[in-house]
Amino acid sequence: MKQRVIGDQSVSAIGLGGMPMSIEGRPDERQAVATIHAALEAGVTLIDTADAYHLAAHDEVGHNESLIAKAVREFHGATDDVLIATKGGHLRPEPGAWAQNGNPEYLKEAAKASAKRLGVEAIGLYQFHRPDPAVPYADSVGALADLLDEGVIRMAGISNADPDQIRTANEVLGGRLVSVQNQYSPRFRSSEPELELCDELGIAFLPWSPLGGITNAADLGTASEDFATVARDHGVSPQVVALAWELAKSDVVIPIPGASRPQSILDSVTAATVKLRPEEVARLDAAQPAA
């Protein structure tokens with residue numbers, strides 16, 4: 001598969017988002033493992049997870065991390081080049097609710113717990129999941145700097161950040177910020193400034209919900225005639241065109257579509273082979289899918 005770069009590591013141009021395999025409506029473990037194995041078979045070498053990807057129950061924390069670690073261990077092929085990226089600082093204390101904890105000491109302990117669940121001495125990529133308004137942003141990111149220095153994590157990133165926070169994080173990390181994971185899709189484009197800044201700084205930009213989210217992804221073709229038309233012209237799904245469009249935005253973009261079925265991720269990875277013409281990219285840039 002086409003490769004892109006996060007920090008010092010080459011990864012597949014399309015990653016796998018693990019969240020749908022652990023939250024409400026999740027598949028059984030057999031199907032989830034089959035989905036991860038299908039991704040690995042197809043050449044996916046970036047898997048995104050977080051300790052908060054679980055049902056809203058205390059004993060569920062880290063469910064997705066444990067699931068992914070198990071699936072990668074059981075895969076029949078080589079996995080040395082697989083980068084598992086996880087996140088900390090976001091919590092699910094009860095059904096329907098999300099909370100933040102950007103306390104530096106909490107983040108350090110959360111990272112160590114994630115490393116244990118993943119079965120690694122050092123997490124390949126650890127990202128501060130979401131800013132905590134109760135904690136100065138630089139203090140939270142400072143925990144990542146300490147984790148890097150201590151060897152608990154190998155690379156550091158942030159998520160759900162604005163341009164000022166990206167600059168702050170890179171400064172606090174001494175130029176070691178390697179990734180920014182923000183929501184970005186045909187429907188949700190307000191992260192364009194962050195994408196452009198990442199392109200300028202050479203930092204990987206990882207769109208989450210790159211197809212518009214679990215409830216909207218299937219309707220992308222009906223929501224936008226432009227994406228549907230370009231998809232017909234290339235003989236692929238509108239979802240594949242959306243991912244190909246995101247890849248065309250910049251070489252730093254690495255979409256991480258979520259999946260809970262092998263068929264879904266196998267469709268997504270074909271985006272890495274779709275070459276959109278400049279006029280098609282411009283058409284999709286101007287397209288405004290229905291809300």
| message | Looking at Gly18, is its backbone amide N or carbonyl O close enough to the side chain of Asn64 to form a donor-acceptor pair, meaning the two atoms are under 3.5 Å apart? | response | yes
| field | Shortest non-hydrogen separation from Ala111 to Ile123 and the atoms involved | value | O-CD1, 3.3 Å
| query | Is Thr273 reaching over with its side chain to a backbone N or O of Thr270, donor-acceptor style, under 3.5 angstrom? | reply | yes
| field | Residues which pass salt bridge (Lys or Arg N to Asp or Glu O under 4.0 Å) with Glu280, listed by chain and number, not counting sequence neighbours | value | Arg277
| query | Do other residues, nucleotides or ligands put more than 12 heavy atoms under 6.0 Å from Glu192 CD? | reply | yes
| request: Nearest 0.5 Å please: distance from the OH atom of Tyr53 over to the OG1 atom of Thr86. | output: 8.0 Å
| note | Here the gap from Ser12 atom OG to Met1 atom CE, rounded to the nearest 0.5 Å, amounts to 5.0 Å
| said: Quick test of your reading: applying ring pair (Phe, Tyr, Trp, His ring centres under 6.0 Å), list the pairs with at least one residue in residues 142-163, sequence neighbours left out, ordered by first then second residue. | reply: none
| What heavy-atom pair brings Pro133 and Pro131 nearest, and what distance separates the two atoms? | CD-O, 3.6 Å
| message | Tell me every residue that passes ring-ring contact (aromatic ring centres under 6.0 Å, His included) with Tyr126, counting only those two or more places apart in sequence or in another chain. | response | none
| message | Distance check, rounded to the nearest 0.5 Å: Glu194 atom CD versus Ile166 atom CD1? | response | 5.5 Å
| query | Got a second to check how far Ser179's OG is from Lys87's NZ, nearest 0.5 Å? | reply | 9.5 Å
| request: Identify the heavy atoms of Pro186 and Ala242 that sit nearest to each other, and give their distance. | output: CG-CB, 3.8 Å
| message | One pair to check against salt bridge (Lys or Arg N to Asp or Glu O under 4.0 Å): Glu196 and Lys249. What are the steps and the verdict? | response | CA-CA 9 Å; Glu196 293 170 2; Lys249 301 294 287 184; over 6 Å; no
| Working for salt bridge (Lys or Arg N to Asp or Glu O under 4.0 Å), residues Arg189 and Asp285 | CA-CA 10 Å; Arg189 305 191 186 193; Asp285 283 346; 5.1 Å; no
| Flag, side chain of Thr35 to backbone of Ser260, donor-acceptor distance under 3.5 Å | yes
| query | Can you name the closest pair of heavy atoms from Met21 and Pro27 and give their distance? | reply | CA-CD, 3.8 Å
| task | Supply the atom-to-atom distance Ile47 CD1 to Ile68 CD1, rounded to the nearest 0.5 angstrom. | result | 5.5 Å
Contacts under 3.5 angstrom, residues 139-146 side chains, donor-acceptor by atom type, not counting sequence neighbours:
unit_1: Ser140; atom_1: OG; unit_2: Gly102; atom_2: O; d: 2.6
unit_1: Asp146; atom_1: OD2; unit_2: Lys108; atom_2: NZ; d: 2.9

| Test salt bridge (Lys or Arg N to Asp or Glu O under 4.0 Å) applied to Glu41 - qualifying residues, sequence neighbours left out | none
| request: For the pair Ser22 (side chain) and Met19 (backbone), establish whether a donor and an acceptor sit closer than 3.5 Å, ignoring hydrogens and angles. | output: no
| said: Using modelled atom types and a 3.5 Å cut-off, is there a donor and acceptor pairing between side-chain atoms of His90 and backbone atoms of Trp98? | reply: no
| request: Evaluate the criterion side-chain contact (heavy atoms from CB on, under 4.5 Å) for residue pair Leu197 and Leu201; output intermediate values, then yes/no. | output: CA-CA 6 Å; Leu197 179 58; Leu201 298 176; 3.8 Å; yes
| Worked verdict on Arg232 versus Glu225 for salt bridge (Lys or Arg N to Asp or Glu O under 4.0 Å) | CA-CA 10 Å; Arg232 286 194 295 270; Glu225 181 58 34; 2.7 Å; yes
| request: State plainly whether one hydrophobic cluster holds both Val252 and Val281, where clusters connect Ile, Leu, Val, Met, Phe, Trp and Tyr through side-chain heavy atoms under 4.5 angstrom apart. | output: yes
| message | side-chain contact (heavy atoms from CB on, under 4.5 Å), that's the test. Do Ser191 and Phe205 meet it? Break it down for me. | response | CA-CA 10 Å; Ser191 286; Phe205 183 84; 4.0 Å; yes
| request: Quick one: list whatever passes side chain to side chain donor-acceptor pair (under 3.5 Å) with Glu60, sequence neighbours left out. | output: Arg26
| message | Does this structure show an ion pair linking Glu65 with Lys70, if we count only N-O contacts that are shorter than 4.0 Å? | response | no
| message | Side-chain heavy atoms nearer than 4.5 Å, only ILVMFWY residues, links allowed to pass through others: does that put Ile158 and Val135 together? | response | no
| request: Kindly indicate, with the supporting measurements, whether the criterion side-chain contact (heavy atoms from CB on, under 4.5 Å) is fulfilled by Ser250 and Leu195. | output: CA-CA 8 Å; Ser250 168; Leu195 191 163; 4.1 Å; yes
| Are Leu148 and Ile203 connected in a single hydrophobic cluster, I mean Ile/Leu/Val/Met/Phe/Trp/Tyr linked by side-chain heavy atoms less than 4.5 Å apart? | yes
| field | ring pair (Phe, Tyr, Trp, His ring centres under 6.0 Å): pairs with one or both residues in residues 19-44, sequence neighbours excluded | value | His37-Phe75
| Least distance between heavy atoms, Leu67 atom then Glu29 atom | CD1-CG, 3.9 Å
| Lys/Arg N to Asp/Glu carboxylate O, Arg4 vs Asp251, below 4.0 Å | yes
| Salt-bridge contact Asp8-Arg154 (side-chain N to carboxylate O under 4.0 Å) | yes
| Check against side-chain contact (heavy atoms from CB on, under 4.5 Å), Ile265 and Ile36 | CA-CA 9 Å; Ile265 190 59; Ile36 297 166; over 6 Å; no
| task | Would you mind reporting whether Leu16 and Pro257 have side-chain heavy atoms less than 4.5 Å apart? | result | no
| message | Taking atom NZ as the centre, does Lys116 end up with more than 12 heavy-atom neighbours from other residues, nucleotides or ligands that are less than 6.0 angstrom away? | response | no
| remark: With sequence neighbours left out, the residues meeting ring-ring contact (aromatic ring centres under 6.0 Å, His included) with Phe188 are none
| message | Hydrophobic clustering (ILVMFWY, side-chain heavy atoms < 4.5 Å, transitive) - are Val253 and Tyr184 grouped together? | response | yes
| Under a 4.5 Å cut-off applied to non-hydrogen side-chain atoms, are Leu91 and Tyr106 in contact? | yes
| Which residues pass the salt bridge (Lys or Arg N to Asp or Glu O under 4.0 Å) test with Asp162, sequence neighbours left out? | none
| remark: For Leu243 and Ala271, the nearest pair of non-hydrogen atoms, with its separation, is CB-CB, 3.5 Å
| Sequence-distant partners of Glu121, salt bridge (Lys or Arg N to Asp or Glu O under 4.0 Å), two or more places apart | none
| message | Looking at Glu74, I want to see if its CD is surrounded by more than 12 non-hydrogen atoms of other residues, nucleotides or ligands under 6.0 Å. | response | yes
| task | Just do the side-chain hydrogen bond (donor to acceptor under 3.5 Å, both in side chains) check on Ser237 and Asp267 with the steps written out, would you? | result | CA-CA 8 Å; Ser237 69; Asp267 185 56; 2.8 Å; yes
| query | Measuring from Ser66:OG to Leu118:CG, what's the distance to the nearest 0.5 Å? | reply | 7.5 Å
| Apart from Val11 itself, residues in the same hydrophobic cluster as defined by side-chain heavy atoms under 4.5 Å | Ile6, Leu46, Leu83, Leu125, Met155, Val178, Leu206, Trp208, Ile254, Ile256
| Under 3.5 Å: donor-acceptor pair, side chain of Asn182, backbone of Ala161 | yes
| task | Write out all pairs satisfying ring pair (Phe, Tyr, Trp, His ring centres under 6.0 Å) with one or both partners inside residues 219-238, taking only residues at least two apart or from two chains. | result | Phe227-Trp245
